[in-house]
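Everything below concerns the one structure shown next.
Numbering of ligands and ligand atoms starts at 1, following listing order.
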Amino acid sequence: MNVAVFSSKPYDRRFLEAANREGGHRLTFLETRLSRETVALASGAEVVCPFVNDDLGPAVVEELAGLGVRLLALRSAGFNHVDLDAAERHGITVARVPAYSPHAVAEHTVALILTLNRKIHRAYNRVREGNFALDGLLGFDLYGKTAGVVGTGLIGQLVARILTGFSCTVLAYDPMPAQACRDMGVRYVALPDLLAASDVVTLHCPLTPATHHLIDGEALGRMKKGAMLVNTSRGAVIDTKAVIRGLKDGTIGSLGLDVYEEEADLFFEDLSGQYIQDDLFARLLTFPNVLITGHQAFFTEEALGAIASTTIGNITAFATTGRAVHEVRAEQHTRRA
Ligand code: NAD
């Protein structure tokens with residue numbers, strides 16, 4: 001099939017071309033993001049292969065349908081950026097990569113927790129400048145602390161498992177609790193109780209209408225004063241303005257982010273020669289106890305290989321049977337909300 005790969009980087013090309021050796025599809029790699037302005041570049045493609053910050057709102061989906069696109073083969077697990085109702089209306093199938101390497105994201109989450117706690121990001125710079133003073137680098141033992149995991153799907157379960165390895169007490173909140181978590185000693189509680197008891201709160205739920213700004217001013221008010229908050233799920237699960245207030249008044253002791261509400265205009269690009277226009281993001285960067293990575297939690301060899309092979313598998317199945325392997329439907333979205 002003819003496939004237009006939007007938001008593609010050299011690493012996407014490397015892994016997708018390798019996975020496509022057997023698939024035999026014609027891949028066109030486009031560096032640009034998919035938007036109303038660029039949608040015409042999909043002309044001639046039956047399949048569009050977008051990434052997390054591509055615009056798949058109703059207008060773009062309608063235009064894609066008009067161009068003859070029949071499949072959106074997402075290179076992501078999350079599908080909050082796709083208007084599923086519009087896709088269904090226009091007869092476009094949506095497929096995703098439900099699991100590529102949950103380990104990649106779980107391990108990155110724990111890297112953020114450890115780095116923030118022991119201030120490795122600050123120590124790294126200090127030592128390079130010949131400053132070996134320890135003031136400001138005081139951490140705490142994770143051993144015996146309470147960690148709250150919000151969302152115990154594939155990633156949350158792995159984070160819980162790693163944290164139990166540190167002898168943390170792990171609490172969890174998920175409308176659909178997992179027996180595997182209970183079996184490892186995780187205790188499910190209501191979200192307010194999790195927030196009140198946890199020294200570290202880590203978010204692993206999808207972004208849905210129900211989880212949009214799940215961590216707002218009220219939720220922050222329930223947290224243990226000085227607790228750590230980590231978000232590697234989707235930016236808008238956190239209300240950034242409220243979090244900045246929480247950092248300023250000390251409610252939040254430290255913040256680790258791999259995702260940001262308005263990341264579409266920032267992440268995945270080298271903007272080092274430009275001024276950051278987003279004042280909220282710029283404010284976050286001023287806090288010494290905030291650590292931000294640019295949506296890189298998924299970025300391992302294993303994950304990119306799995307994303308590429310599952311994506312090509314979705315396209316090949318669609319070409320041969322009319323059904324992709326991992327389809328996403330509007331009613332599924334409603335259920336998850
Ligand atoms: P998953 O579908 O396996 O698990 C999500 C869990 O969240 C499910 O158990 C679900 O019941 C739960 N959930 C749903 N609504 C909830 C709510 N209101 N409160 C608490 N829990 C709720 O997904 P996953 O593979 O574990 O991924 C989790 C999220 O991580 C994805 O949705 C995606 O947004 C994000 N993600 C980020 C990266 C990255 O690079 N930073 C990579 C992959 C996934």
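Residue-level proximity to ligand 1 for Tyr100 is carried by the side chain, the only part with a heavy atom below 4.0 angstrom. Under 4.0 Å from ligand 1, not a single heavy atom of His108 appears. If you look at Leu154 next to ligand 1, the close heavy atoms, those under 4.0 Å, come from the backbone and the side chain alike. Looking at Cys205 against ligand 1, both its backbone and its side chain come within 4.0 Å, counting heavy atoms.
If you chain together hydrophobic residues whose side chains sit under 4.5 Å apart, Val82 and Val69 fall into the same group.
A donor-acceptor contact closer than 3.5 angstrom links the side chains of Tyr260 and Asp278. If you check the side chains of Arg283 and Thr286, you find a donor sitting under 3.5 Å from an acceptor.
Residues satisfying the side-chain contact (heavy atoms from CB on, under 4.5 Å) test with Gln296, not counting sequence neighbours, are His108, Asp258, Thr293, Phe299.
Between the choices Val149, Asp174, Thr232, Leu214, the shortest heavy-atom distance to atom 9 (O) of ligand 1 belongs to Asp174. Considering Ala297, Gly156, Ser233 only, the shortest heavy-atom separation from atom 35 (C) of ligand 1 involves Ser233.
Between Thr211 and ligand 1, a contact under 3.5 Å exists for no N or O pair. Between Gln296 and ligand 1, no N or O atom pair is found at a separation short of 3.5 Å.
The ligand atoms of ligand 1 that sit less than 4.0 angstrom from a heavy atom of His295 are 39 (C), 40 (O), 41 (N). Distances below 4.0 Å separate heavy atoms of Val105 from the following atoms of ligand 1: 38 (C), 42 (C), 43 (C). Remark: ligand 1 atoms within the under-4.0 Å shell around heavy atoms of Asp258 are 39 (C), 40 (O), 41 (N). Applying the 4.0 Å criterion to heavy atoms of Phe298 picks out, from ligand 1, the atoms 40 (O). Within ligand 1, the atoms closer than 4.0 Å to a non-hydrogen atom of Thr152 are 9 (O), numbered from 1 in the order shown. Which parts of ligand 1 touch Gly151 is read off a 4.0 Å heavy-atom cut-off, strictly below it: atoms 7 (O), 20 (C), 21 (N).
Look at Pro175 and you'll find a heavy atom under 4.0 Å from some atom of ligand 1. Within the structure, the closest approach of Phe299 to ligand 1 does not fall below 4.0 Å when heavy atoms are considered. Note on ligand 1: Gly78 sits outside its first shell, no heavy atom being nearer than 4.0 Å.
The CG atom of Leu114 lies 9.0 Å from the CZ atom of Arg118; values are rounded to the nearest 0.5 Å. For the atom pair Phe298 CZ and Arg75 CZ, the distance stands at 9.0 Å (nearest 0.5 Å).
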Under 3.5 Å, sequence neighbours excluded: what are the donor-acceptor pairs made by side chains of residues 182-191?
unit_1	atom_1	unit_2	atom_2	d
Asp183	OD1	Gln179	NE2	2.9
Tyr188	OH	Thr152	OG1	2.7
Tyr188	OH	Ala178	N	2.8

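Between Phe6 and Phe51, the distance separating the two ring centers is not shorter than 6.0 angstrom.
Counting heavy-atom neighbours within 6.0 Å of Glu17 CD, excluding the residue itself, gives a total above 12. By the neighbour-count criterion of 12 heavy atoms within 6.0 Å, atom CG of Leu285 is densely surrounded, having more than that number from other residues, nucleotides or ligands.
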Item to complete: Check the pair His295, Glu263 against side-chain hydrogen bond (donor to acceptor under 3.5 Å, both in side chains), reporting the backbone distance first and the verdict last.
Response: CA-CA 9 Å; His295 208 138; Glu263 69 177 51; 2.6 Å; yes

